[in-house]
Engineer: 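If you scroll down you'll find the structure; I have some questions about it.
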Amino acid sequence: MATFLYRLGRLAFRQRRRVLFAWVAVLIAAGIGISSVSGSTTDDFTLPGTQSQQAIDLLEAEFPQASASGATARVVIEAPDGEKLTSAAHKAQVEALVDDLRTAPQVATVAEPFSGGLVSASGGIAYAQVTYAVPQAEITTAASDALREVVRQGAEAGLAVSLGGNAVLDEGGSNAAELIGLLVAAFVLVITFGSLVAAGLPLLSAIVGVGIALCGITVASSFVDMASNAQTLSLMLGLAVAIDYALFIVSRYRSELLRGHQPEEAVGRALGTAGSAVVFAGLTVIIALVGLSVIGIAMLTTMGLAAAFAITVAVLVALTLLPALLGFTGTRVARGRLTTRKAARGTTPPTARRARAAERGSRTTMGVRWGRFVTRHPWKMLLASVVGLGVLALPALSLRLTLPDDSMAAPGSTQRMAYDTLSKGFGPGFSGPLTVVVDARGSDDPDAAAKDTTALLDGLDDVATVRPPVFNEAGDVALITAVPGSSPTSRATVDLVADIRERSTAAEGDGGARVMVTGPTALNIDVSAKLGEAMVPYLAIVVGLALILLLLVFRSLLVPLKAALGFLLSVVATLGVLVAVFQWGWLKDVFGVDETAPIVSLLPILLIGVVFGLAMDYEVFLVSGMREAYVHGASPTEAIVTGFQHGARVVTAAAIIMISVFAGFLLDDVALVKSIGMGLAVAVLFDAFVVRMTIVPAVMTLLGDRAWSLPAWLDRILPNVDVEGEKLRRILDDRDRAAGVPVLTGQAAGVPAALTDQKPEPAAPVG
């Protein structure tokens, strides 16, 4: 791998114009692609094997006119203060709006407010339930425009009209989150490199990669049902990892220049070493995201595959476009605008002096000081870190899962206004009615079975209203609508669904009828339960994969075990913080959380998959330096400090960039996006700074030589995975010595003298 990447880096450097042209052509083609397709997204779930999905399938067969799988919209109408919709003037206006809805494109049925009992007791609020003949993903622009036209007509008539339901398409959001993340990333890169050119390359390559990835996902959404949040997740991850991967490679390229290599050779060596780690880190994230497909939920599958595609593009850009860009910049990456003026006058600016001193080992960096501090106090640091993360993890014991609905929509959006208006007029449960299906095809008296079910529902405490049963044409399947007294995401509604199913199961044997609960609320409860059950097996798969990969990389049993346990600790601590903020409401005003609710059920699974890859990323860049020092004779403690000397600065910068990009999404108004952004930012914070840079060196100090032990029989059968390119460096060094090539200085490679402490020597050709 390292040798292949070395050759690839040099090839991209030499053919930089062709490589750049190829990527620009891909970007243009992707842009043309999205202009010629009409991509659409969906939040629909299908969950084979669950009771709610079985009921939906039955309704499709027995009530085709009901369009059980069709999209729905709630058109909520509110009269001005002190007035009623039942007045003659307002009633005529509402009926006219309903008539327009009936003739709108793709509409199957419309439940009219006045005849359907859909007017509040006060008379000031009513709604029409619109059912479409097609699922959400197939809603056309014309159908959406018809809904907006009804809103406009209602406003002209003096009525407040808002829209809810999955047929209402979200409007485009703000780009403030990614813009802020990019600005912070740029600042961190400038501080890290002390060079505007070096700082600009990771940003440029990341923008190109993310642009291509998002265009590709948009094109794909024209052919598959893509989750509505797939693009947001892909943007979030693609931007963060693309900048990080480029940071690692550019940092290694600068180091190779300072060691005296010509730019082309420096690019090859940078890609053969840091590039190998980038491929490994990218593969771990991709595998974890693709692994989401095994859970069996289409929405989660598309989110995982879309994000994995964005990571794949980021890796390819880092391995091909970035070396080409380095070919255009040459040595300017090492002498950027922050150093050239003073370097030209023969003086050494502070940034250059620090870089030179760090390379030479005469200056103690912050990372080295921190590494020494941890190794001097391993027990104290380990105990403080584990106890601190353990305390933060305690709220995770109260974790509750749900799926996003209109109650989590952005404040001020039409979906949120519709939800709030319905709750005000009819109660919090009216936005999430339960559809109870009575399958009496095996019963002698279907009518009695339906009446018994209605009586059962009427007798439950948390049921606000029950509508009379509606039978199919054969008269053996009944549909009953029950409105809970609590909100769709509340614990009371979850318990109500479980109670109905338990009582119905107990009564099935008496009359031969089967009772099933479905509808969006019940389906969301089933999906959340499914995801909750899948979290532990998925976590086991991810941890098992981590153990195997790290065993191959570090050829040690205890290092992978320590890494996996640290990963678990950072994940549960992150879940604890999410529960405290989004579910309990702690500091919710600080983070802009409008309303507390259970954690979005997709988040823990996504968190595990994404943080796993990032954790392995930081583990490799820190611990590989420790292993290299230990193999070359350093003591265990000296090896830890050496690993911090080489990796702490870059890992710190990478983590800050990740945190900044993810935290920027806290500015989004959508609760799901906000929670994903906060979850990933907190997870990176914990894993990079507490686990990798504190717990890892503390544990390895306590283990000593045992940290690197491996049974001889296992050492013989394991393949040698040269992630850090150590074997490649030996081959290249042996080649140079055999060719009589002297050790080059930075000046020989064209680097300003201010960046090196060596006298210039003539450059020797490097084959």
Side-chain angles (χ1 to χ4, degrees), residues 38 40-46 52-77 94-119 126-151 153-154 161-170 225 228 405-406 414-415 418 422 430-439 467-475 477-483 516 518-524:
S38 56
S40 60
T41 59
T42 179
D43 288 321
D44 284 342
F45 275 88
T46 57
S52 55
Q53 188 64 47
Q54 292 171 356
I56 290 174
D57 295 339
L58 178 61
L59 289 177
E60 286 281 4
E62 300 296 334
F63 291 86
Q65 73 280 5
S67 297
S69 62
T72 59
R74 287 181 294 276
V75 181
V76 183
I77 307 167
V94 172
E95 289 175 341
L97 294 178
V98 172
D99 288 339
D100 289 340
L101 289 172
R102 288 196 179 98
T103 59
Q106 298 181 305
V107 170
T109 61
V110 178
E112 192 268 333
F114 300 109
S115 62
L118 306 180
V119 181
Y127 80 96
Q129 182 75 16
V130 183
T131 303
Y132 288 84
V134 296
Q136 180 197 34
E138 299 177 19
I139 294 294
T140 62
T141 303
S144 298
D145 291 341
L147 284 176
R148 287 192 287 269
E149 177 63 20
V150 168
V151 174
Q153 292 177 1
V161 181
S162 53
L163 306 173
N166 62 3
V168 182
L169 303 180
D170 293 325
D225 292 340
S228 61
D405 60 8
D406 288 347
T414 187
Q415 293 97 325
L422 282 177
F430 216 77
S431 295
L434 303 177
T435 301
V436 181
V437 180
V438 182
D439 182 7
R467 295 176 194 160
V470 177
F471 282 91
N472 63 340
E473 291 184 3
V477 177
L479 188 154
I480 306 171
T481 301
V483 177
M516 296 176 286
T518 189
T521 299
L523 185 61
N524 287 356

Engineer: Can you name the side chain to side chain donor-acceptor pair (under 3.5 Å) partners of Gln129, sequence neighbours left out?
Structural biologist: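 Expected list: none.
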Engineer: So, do Pro113 and Val94 sit near enough that their side-chain heavy atoms are less than 4.5 Å apart?
Structural biologist: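 Pro113 vs Val94: side chains touch.
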Engineer: Which heavy atom in Tyr127 sits nearest to a heavy atom in Leu422, and how many Å separate them?
Structural biologist: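 That would be CD2-CD2, 3.6 Å.
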Engineer: So, for Ala418 and Val76, which heavy atoms are closest and what is the spacing to 0.1 Å?
Structural biologist: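 In terms of heavy atoms, the two residues are closest at CB-CG2, 3.8 Å.
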Engineer: Give the C-alpha distance, both sets of side-chain angles, the deciding distance and a yes or no for side chain to side chain contact (heavy atoms under 4.5 Å, CB included) between Val437 and Leu58.
Structural biologist: CA-CA 9 Å; Val437 180; Leu58 178 61; 3.8 Å; yes
Engineer: Dump the intermediate steps for side chain to side chain contact (heavy atoms under 4.5 Å, CB included) on Leu101 and Val107, then the final yes or no.
Structural biologist: CA-CA 8 Å; Leu101 289 172; Val107 170; 5.8 Å; no
Engineer: For Thr140, enumerate each residue passing the side-chain contact (heavy atoms from CB on, under 4.5 Å) test, keeping only those at least two apart in sequence or located in another chain.
Structural biologist: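 Listed in chain order: Gln106, Ala142, Ala143.
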Engineer: Do you know which two heavy atoms are closest between Ala522 and Leu434, and how far apart they sit?
Structural biologist: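 Looks like N-CD2, 4.4 Å.
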Engineer: Considering only heavy atoms from C-beta outward, does the side chain of Phe114 approach that of Val98 to under 4.5 Å?
Structural biologist: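 No, their side chains stay 4.5 Å or more apart.
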Engineer: Between Ala126 and Val119, what is the shortest heavy-atom contact and its length?
Structural biologist: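 Looking at all heavy atoms of both residues, the closest pair is CB-CG2, 3.9 Å.
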Engineer: Could you state the interatomic distance from CG (Asp439) to CG (Leu59), rounded to the nearest 0.5 Å?
Structural biologist: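 With rounding to 0.5 Å, CG (Asp439) is 10.0 Å from CG (Leu59).
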Engineer: Quick one: list whatever passes side chain to side chain donor-acceptor pair (under 3.5 Å) with Thr518, sequence neighbours left out.
Structural biologist: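 Scan of Thr518 (side chain to side chain donor-acceptor pair (under 3.5 Å), adjacent residues dropped) gives none.
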Engineer: Do the side chain of Asn166 and the main chain of Thr72 share a donor and acceptor less than 3.5 angstrom apart?
Structural biologist: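 Yes, because the side chain of Asn166 sits within donor-acceptor range (under 3.5 Å) of the backbone of Thr72.
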Engineer: How would you list, by chain and number, every residue that makes a side chain to side chain donor-acceptor pair (under 3.5 Å) with Asp99, sequence neighbours excluded?
Structural biologist: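 Partners of Asp99 by the side chain to side chain donor-acceptor pair (under 3.5 Å) criterion, ordered by chain and then number, come out as Arg102.
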Engineer: Show the nearest heavy-atom pair for residues Tyr132 and Ala167, with the distance to one decimal.
Structural biologist: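 Scanning both residues, the minimum pair turns out to be CE1-CB, 3.7 Å.
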Engineer: Grab the two heavy atoms, one from Gly165 and one from Arg74, that are nearest each other, plus how far apart they are.
Structural biologist: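 So the minimum-distance heavy-atom pair works out to N-NH2, 3.7 Å.
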Engineer: At what distance, to the nearest 0.5 angstrom, does CG of Asp57 lie from CE of Met516?
Structural biologist: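 Asp57 CG to Met516 CE: 9.0 Å, rounded to 0.5 Å.
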Engineer: Kindly write out the residues that satisfy side-chain contact (heavy atoms from CB on, under 4.5 Å) with Ala474, not counting sequence neighbours, or none if the list is empty.
Structural biologist: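 With sequence neighbours excluded, Ala474 shows a side-chain contact (heavy atoms from CB on, under 4.5 Å) to Asn472, Asp476, given in chain and number order.
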Engineer: Go through the structure and list residues passing side-chain contact (heavy atoms from CB on, under 4.5 Å) with Pro433, not counting sequence neighbours.
Structural biologist: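 Listed in chain order: Thr481, Val483.
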